[in-house]
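One-based numbering, in listed order, for ligands and for the atoms of each. Everything numeric in this text was worked out from a predicted model, so none of it was measured. Computed from heavy atoms alone, side chains included, the values below leave out hydrogens, waters and symmetry copies.
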Amino acid sequence: MLTIAIAKGRMQDEALALLARAGVGVSDEALRSRRLALLDESGAYRFVFVKPADVPVYVEHGIADCGVVGRDVLLESEADLLQPLDLRIAACRIVVAARDGVKLKEMGALRVATKYPHVTEAHFGARGIPVEIIELSGSVELAPVLGLSDCIVDLVETGRTLADNGLVVVEVITSSSGRLVINRASYQLKSAPVAQLVDAISGVLNESER
Ligand code: PRP
């Protein structure tokens, strides 16, 4: 049996829909339950639903053989994982954003609120801009509105959260989308079922391309 860790939240529905198209489906009844570990309809796969940042942890430790998680999370994680496929789901961007009209370039050191301290440090570090990173775990857009920070580094998908809070994109840092990740040992020891899963998902992705 293969265990697949799925990031709960923004990409969960798209991830399950993609996997179902690849022949790994969960019944509606199971999905309606609050169980955090479920078997697929064939009994060959087990899904575990965890917080996005915990997907690399479960997969690196081999508790899950595979995982579906955003590139944004992987950029922050130091886990050593194989990343064979861009699943092209939950596409979004990691951006620097600030209150409309604020001129960050005219400021000295910046206070940056974010859930992405590594990405933030690398981005501003490469430009030689000194930053104080204020790490938050959610609702990051509030920080510049309430004066906790000068700007934020955060995910933007539709842009609605920024707009509704009077913020604008200052700079796009990088793009993100859902990725398939695989534990290195599982890739060797369970090579047949892992290859079968990767092939099935690749087939669905190729089909969508046409
Ligand atoms: C993310 C991100 C933004 C929002 C962007 O938050 O941090 O707040 O989605 O989406 P939009 O551009 O479509 O408005 P998430 O929903 O992951 O929750 P969080 O506030 O707990 O970080």
| note | In this structure, NE2 of His123 is separated from CD1 of Ile173 (nearest 0.5 Å) by 4.5 Å
| field | Side-chain donor-acceptor pair present, Asp72, Tyr116, cut-off under 3.5 Å | value | yes
| query | Would you find a donor on one side and an acceptor on the other, under 3.5 Å apart, between the side chain of Asp40 and the backbone of Ala44? | reply | yes
| Hey, is Glu135 close enough to Lys115 for a salt bridge, meaning N to O under 4.0 Å? | no
Note every protein N or O atom lying under 3.5 Å from an N or O atom of ligand 1, pairing the names and giving the distance.
unit_1: ligand 1; atom_1: 7 (O); unit_2: Lys115; atom_2: NZ; d: 3.3
unit_1: ligand 1; atom_1: 7 (O); unit_2: Asp154; atom_2: OD1; d: 3.0
unit_1: ligand 1; atom_1: 7 (O); unit_2: Asp154; atom_2: OD2; d: 2.8
unit_1: ligand 1; atom_1: 8 (O); unit_2: Glu141; atom_2: OE1; d: 3.3
unit_1: ligand 1; atom_1: 8 (O); unit_2: Glu141; atom_2: OE2; d: 2.6
unit_1: ligand 1; atom_1: 9 (O); unit_2: Arg10; atom_2: NH1; d: 2.8
unit_1: ligand 1; atom_1: 12 (O); unit_2: Glu157; atom_2: N; d: 2.8
unit_1: ligand 1; atom_1: 12 (O); unit_2: Thr158; atom_2: N; d: 3.0
unit_1: ligand 1; atom_1: 12 (O); unit_2: Gly159; atom_2: N; d: 2.8
unit_1: ligand 1; atom_1: 13 (O); unit_2: Thr158; atom_2: N; d: 2.9
unit_1: ligand 1; atom_1: 13 (O); unit_2: Thr158; atom_2: OG1; d: 2.6
unit_1: ligand 1; atom_1: 14 (O); unit_2: Thr161; atom_2: N; d: 2.9
unit_1: ligand 1; atom_1: 14 (O); unit_2: Thr161; atom_2: OG1; d: 2.4
unit_1: ligand 1; atom_1: 17 (O); unit_2: Arg10; atom_2: NH1; d: 3.3
unit_1: ligand 1; atom_1: 20 (O); unit_2: Ser139; atom_2: N; d: 3.1
unit_1: ligand 1; atom_1: 22 (O); unit_2: Lys115; atom_2: NZ; d: 2.3

| query | Between the side chain of Ser202 and the main-chain N/O of Val198, is any donor-acceptor distance below 3.5 Å? | reply | yes
| task | Find out whether Val170 and Cys151 are in side-chain contact, i.e. whether some heavy atom of one side chain is under 4.5 Å from a heavy atom of the other. | result | no
